[in-house]
Amino acid sequence: MTALALEPRLDRAAEACAREGGRLTDIRRQVLALVLGSREPLGAYALLDRLKAQKANATPATVYRALDFLQDHGLIHKVERLNAFIGCTDAGEAHHHAVQFLICRTCGAVVEMEDEGIAASVERAARATGFRPAHATVEVEGTCSACATAACEGRS
Ligand SMILES: [Zn+2]
Ligand SMILES: [Zn+2]
């Protein structure tokens with residue numbers, strides 16, 4: 001995503017935070033811009049490296065605090081399998097929603113899905129055992145449609 005396309009999303013994110021009583025400070029905005037501007041999910045240390053280019057005194061704590069804030073406000077998601085972060089496709093709406101990730105083993109692309117039915121099934125199944133679920137992330141590994149198509153074409 002170009003920097004130009006990013007600014008309106010950052011502005012919407014700032015407004016959404018303000019509605020929830022939070023403030024998208026410069027450092028939080030910078031971290032969000034890095035996450036949204038990346039093609040692949042970024043880990044905390046990759047983010048720190050990039051952030052240091054703009055802000056030499058950034059520390060791991062700076063990044064972790066910003067990531068916590070952005071997650072709390074539903075602007076980014078953590079892909080547990082990759083220990084990395086991606087921007088919410090709804091970033092700017094700052095709603096908190098059920099989320100599933102499709103992770104391509106070939107190209108590393110991560111696609112966010114929102115299927116309330118899956119979330120409800122997981123919750124129901126967990127509660128049936130007496131467990132009280134607080135948070136569930138469903139991550140599916142496989143081959144994305146672009147890579148599957150490329151593999152088919154390679155074979156013919
Ligand atoms: Zn999302
Ligand atoms: Zn792929």
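In this text, all values refer to a predicted model and were calculated from it rather than measured experimentally. When a ligand or atom number is given, it counts from 1 through the structure's own listing order.
- Atoms SG of Cys147 and SG of Cys144, as seen from the Zn ion (ligand 2), are separated by an angle of 100°, to the nearest 10°.
- Linking Ile, Leu, Val, Met, Phe, Trp and Tyr whenever their side-chain heavy atoms come within less than 4.5 Å leaves Leu47 and Val79 in two separate clusters.
- Between the side chains of Glu112 and His77, at least one donor N or O sits under 3.5 Å from an acceptor N or O.
- Geometry about the Zn ion (ligand 1) gives an angle of 110° between NE2 of His77 and SG of Cys88, rounded in steps of 10 degrees.
- Here Cys104 contributes SG and Cys107 contributes SG, and at the Zn ion (ligand 2) these two atoms make an angle of 110°, given to 10°.
- Between Leu42 and Arg50, some side-chain heavy-atom pair lies under the 4.5 Å cut-off.
- A donor-acceptor pair is defined here as one N or O able to donate and one able to accept, closer than 3.5 Å; such a pair exists between the side chain of Thr149 and the backbone of Ser145.
- Here Glu112 meets the criterion, with an N, O or S atom under 2.8 Å of the Zn ion (ligand 1).
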